[in-house]
Each structure stands twice: as structure tokens, then as C-alpha cells.
Amino acid sequence: HLGNADRWPLILTATKWTACQIISTMETQVSNGPSGTSLPNGPVISTNGSTDDSKTNLIVNYLPQNMTQEEFKSLFGSIGEIESCKLVRDKITGQSLGYGFVNYVDPNDADKAINTLNGLKLQTKTIKVSYARPSSASIRDANLYVSGLPKTMSQKDMEQLFSQYGRIITSRILVDQVTGISRGVGFIRFDKRNEAEEAIKGLNGQKPLGAAEPITVKFANNPSQKTGQALLTQLYQTAARRYTGPLHHQTQRFRLDNLLNASYGVKRFSPITIDSMTSLAGVNLTGPTGAGWCIFVYNLSPEADESVLWQLFGPFGAVTNVKVIRDFTTNKCKGFGFVTMTNYDEAAMAIASLNGYRLGDRVLQVSFKTSKQHKA
DNA sequence: TTATATT
């Protein structure tokens with residue numbers, strides 16, 4: 001269906017006005033705690049050769065949407081030497097998923113990071129820093145959506161009700177932004193998926209204590225499993241915001257203290273300056289333009305493929321052709337590609353919206369293809 | 001049915 005580019009604007013228009021309700025929430029801060037037995041400092045090598053990183057590896061949740069990998073590394077690198085870290089991003093759009101992992105060399109630094117950075121306010125978020133549980137299929141998809149809760153039920157009450165089925169990692173009750181009253185809807189994340197399954201069996205359709213109505217307990221929608229259309233909608237809406245708002249692709253200098261100052265004026269460590277923007281050489285290309293409007297897209301990642309170009313440009317209108325330029329020997333993208341769009345207005349809109357767009361950790365340069373023979 | 005809790 002990617003080829004039906006000219007149908008996308010219609011599909012997307014139908015969903016673009018969906019109201020976005022702002023909901024305030026209460027969030028528990030349940031510490032994961034390092035698993036396993038207490039061991040001396042330093043990397044622990046098991047008999048099978050794998051490293052035990054349960055005392056060094058952290059998961060960081062509730063990161064601001066616009067935080068970059070560089071900022072993430074800088075913030076956590078201020079505590080101690082990092083073995084590895086990763087801001088988790090959507091595979092296709094490159095958008096941050098709002099969480100990441102930091103693996104320190106020294107377990108003491110992991111402990112220090114929790115004590116220092118857990119609860120740090122960055123913009124509108126309060127980040128959570130805790131030990132990462134060992135990665136396993138059994139801990140995935142363990143998030144439950146609960147509705148029909150009595151309005152009087154507190155988060156603590158809800159946890160008490162669910163805790164008989166297993167270890168609760170997070171719980172949350174959604175409240176009306178204005179009144180602060182419970183909306184009777186909440187989320188419970190268990191440590192293990194099978195615990196969540198048991199909770200559904202035991203509590204779905206049941207009336208809590210003296211409640212008048214039964215509650216509904218089911219698996220929460222998995223935000224990472226968006227449909228293709230939802231993904232396009234998201235891309236389109238991002239683009240639409242960029243188009244209406246002031247275009248701000250002048251400089252992309254990221255300062256951690258900007259993130260911090262935007263919250264409560266609290267500075268908890270000396271700010272670190274990052275300049276993640278490398279200067280980009282001017283690139284112009286040769287050749288005549290065929291039917292339609294040929295667009296030059298620069299700063300694609302080596303892994304970029306045609307689908308990313310379809311997904312980026314499709315929402316703006318009729319796309320007739322996309323091409324990623326690859327190195328002949330490695331078959332990796334050489335950093336640029338071309339998109340042909342039928343209509344000038346749509347092409348112009350796409351360029352205005354996508355030039356300066358951050359795709360993953362890269363800032364795209366998008367323009368009409370020029371016919372200059374050589375770069376400067 | 002939340003902006004995003006397992007790389």
C-alpha cells in the first residue's frame with residue numbers, strides 16, 4: 001500500500017482533528033532493585049562467559065520527548081564512566097520512545113545515578129532512574145488497562161487489589177486535569193506477563209470490595225505496535241505542527257541546562273554543553289528533472305531505505321518515485337536520496353516541513369533538486 | 001487506552 005501515496009492525504013485528513021486530551025496522572029515510583037545476590041564491585045563474569053550487569057545497568061523512564069542521545073549520554077556520563085547507553089527510539093520514525101538504558105562500568109556509579117538523578121525534573125517530565133531488570137520475553141507486554149474503577153479508589157487501593165497477583169512495577173490512575181478527580185481508569189504494569197494474565201482472570205468483571213460496578217481489566221494497548229496508518233498520522237501531525245509553527249531549523253545546539261531550566265529552576269549538577277550539529281557540506285546534484293518535482297534529501301543514515309522516504313513524504317501528497325543512493329560495494333546509503341512528487345504545492349509543503357526535520361539523531365536537509373554541476 | 005518499561 002506504500003505505493004498509493006496519493007491517497008494518504010485523504011486518509012490522514014480524517015484523523016487530523018482528533019482532540020488531544022491532557023490528562024494528569026499519579027505515578028508510583030517502584031524501585032526495581034538489582035536482582036541476584038550481592039557481589040563485590042566490578043563486572044561479574046559468569047561461568048558461561050556472559051556479564052552480569054544487574055548492578056550496573058539502569059533503565060531511565062519518562063525522558064522528555066525532545067531529549068537526544070547526546071544529551072542523554074551527557075547527563076548520565078556526568079555521574080561516572082559509562083560502558084554503554086542507548087536512548088530507545090522508534091525504528092521507523094526515529095522518535096524517542098521516552099526511555100533509555102545506561103550501563104555503567106562501576107556499580108557504585110549506577111547507585112549514585114539513581115540517588116542523584118531519579119526524580120530529576122526535565123521540562124515537564126520527572127525522570128525515573130532504576131535498575132533494569134534482566135531482559136526477557138517474560139517481562140514484556142505486562143501492562144494492564146483497568147476501567148470502571150470507583151472514583152473513590154486511590155492508586156494505593158488499586159495496587160493493593162492487584163498486588164495479590166504479582167509484583168507491580170508501575171501503577172497509575174488517570175485523573176481529570178481540571179478537577180483532579182479520578183476518571184475511573186488506570187494502568188498496572190506487572191513484573192511478569194503471566195502475573196498480568198492471572199490478574200485479568202481474577203479481577204476482570206469483578207466488583208472491588210463494596211463497589212457498585214464491576215471493573216474491566218485487560219492488556220493495555222501497546223504503543224510500540226502502531227498500525228501503519230497511525231504511524232503516518234503521527235508523521236503527518238508532526239509535519240503539520242512544524243508547518244504552522246515557526247520554522248526553527250537555524251541552529252541545533254543542545255544544552256542540557258535548557259532542559260533543566262525549563263522545569264522548576266532547579267539545577268542539580270553543572271550543566272554540560274553539547275554541540276551535536278556537525279557542519280554540513282553543500283551538496284548539489286546534476287541531471288535534468290523528469291516528470292514531477294524532484295526533491296533532494298540529505299543526511300539520511302547509512303541504513304536508510306526507500307520505505308523511510310515513502311513514509312516521510314507520502315503524507316504530503318502524491319509521491320511517484322523515491323530513491324536512496326547507495327554505495328556500490330557496501331550497499332549502504334551514501335547519505336542522500338531523491339523523491340519525486342507530482343504537485344508543486346505538495347512538494348513545497350513537504351520541503352518546508354521536512355527540511356530541518358530530526359530523523360533519529362540526524363537533521364535532514366530537504367530542498368528541490370538543483371542542477372548545479374559541482375558542489376562548492 | 002497514558003506519551004512511550006526491556007536495548
Side-chain angles (χ1 to χ4, degrees), chain A residues 18-35 50-51 53-54 56-67 69 72-73 76 82-103 118 122-149 155 158 166-177 182-193 195-196 200 204 215-227 230-231 233-234 237-238 241 360:
Chain A
T18 305
C20 186
Q21 193 178 359
I22 298 163
I23 297 142
S24 96
T25 60
M26 299 178 285
E27 167 75 21
T28 39
Q29 296 287 329
V30 180
S31 172
N32 290 330
S35 58
S50 65
T51 58
D53 58 10
S54 66
T56 56
N57 194 208
L58 305 179
I59 184 165
V60 185
N61 291 293
Y62 311 109
L63 292 167
Q65 173 62 233
N66 60 4
M67 190 174 207
Q69 165 78 214
F72 183 60
K73 183 172 185 182
F76 285 87
I82 291 172
E83 193 275 325
S84 63
C85 75
K86 181 173 193 178
L87 177 67
V88 180
R89 289 182 299 226
D90 184 281
K91 281 189 190 66
I92 296 165
T93 67
Q95 305 266 324
S96 166
L97 294 183
Y99 67 94
F101 296 91
V102 181
N103 196 187
N118 183 42
L122 294 177
Q123 299 179 154
T124 61
K125 300 295 180 66
T126 301
I127 70 170
K128 182 177 177 185
V129 185
S130 55
Y131 288 105
R133 292 168 286 161
S135 187
S136 148
S138 66
I139 67 173
R140 293 177 49 173
D141 303 316
N143 197 200
L144 296 179
Y145 170 76
V146 187
S147 59
L149 292 165
Q155 183 188 30
M158 183 174 71
R167 176 175 168 223
I168 294 168
I169 301 300
T170 56
S171 73
R172 169 176 288 193
I173 286 179
L174 304 188
V175 301
D176 184 279
Q177 176 79 84
S182 165
R183 295 175 50 209
V185 168
F187 293 88
I188 295 264
R189 179 182 301 279
F190 279 100
D191 182 36
K192 295 290 193 302
R193 181 180 171 91
E195 295 169 343
I200 292 173
N204 183 40
I215 60 172
T216 299
V217 183
K218 56 218 277 199
F219 281 109
N221 290 340
N222 190 326
S224 64
Q225 288 173 206
K226 279 201 179 103
T227 65
L231 204 59
T233 303
Q234 183 193 317
Q237 287 173 340
T238 304
R241 271 197 299 280

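Here the structure is a predicted model, which is why all the values come from computation and not from measurement. Letters go in sequence order (proteins before strands), and every chain restarts at 1.
Formation of a donor-acceptor pair under 3.5 Å by the A:Arg172 side chain with backbone atoms of A:Phe187 is not found in this model.
Taking atom CD1 of residue A:Ile139 and atom C1' of nucleotide B:dT7, one finds them 11 Å apart after rounding to whole Å. For the pair A:Leu63 CG and B:dA3 P, the computed distance is 16 Å after rounding to whole Å. Distance, A:Asn204 CG to B:dT1 P: 16 Å, rounded to whole Å. In this structure, A:Leu87 places its CG atom 19 Å from P of B:dA3, rounding to the nearest Å. The nearest whole Å value for the distance from the CG atom in A:Asp90 to the P atom in B:dA3 is 18 Å. Remark: C1' of B:dA3 and CG of A:Asn221 are 13 Å apart, rounded to the nearest angstrom.
Checked against B:dT2, B:dA5, B:dT7, the side chain of A:Lys86 finds its nearest nucleotide in B:dT7. If you check B:dA5, B:dT6, B:dT2 against the side chain of A:Asn143, the one that comes closest is B:dT2. Comparing B:dA5, B:dT1, B:dT4 by their closest approach to the side chain of A:Arg183 singles out B:dT1. Distance from the side chain of A:Ser135 is smallest to B:dT6 among B:dT4, B:dT6, B:dT1. Comparing B:dT4, B:dT1, B:dT6 against the side chain of A:Leu97 picks out B:dT4 as the nearest. For A:Lys125, taking side-chain heavy atoms from C-beta onward, the closest of the listed nucleotides B:dT7, B:dA3, B:dA5 is B:dA3. Nearest nucleotide to the A:Gln65 side chain, out of B:dT7, B:dT4, B:dA5: B:dT4. For A:Tyr145, counting side-chain heavy atoms from C-beta on, the closest listed nucleotide (B:dT7, B:dA5, B:dT1) is B:dT1.
Among the heavy atoms of the strands lying under 4.0 Å from A:Phe187 is at least one base atom, whether or not backbone atoms are also near. Across all strands shown, A:Ser96 has heavy atoms under 4.0 Å from base atoms, whether or not it also approaches the sugar-phosphate.
Note on A:Arg89: every side-chain N or O is 4.0 Å or more away from OP1 and OP2 of B:dT4.
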Evaluation steps, side-chain contact (heavy atoms from CB on, under 4.5 Å), between A:Phe219 and A:Tyr145: CA-CA 6 Å; A:Phe219 281 109; A:Tyr145 170 76; over 6 Å; no
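For the residue pair A:Asp90 and A:Leu97, the shortest heavy atom distance occurs at N-CG, 3.7 Å.
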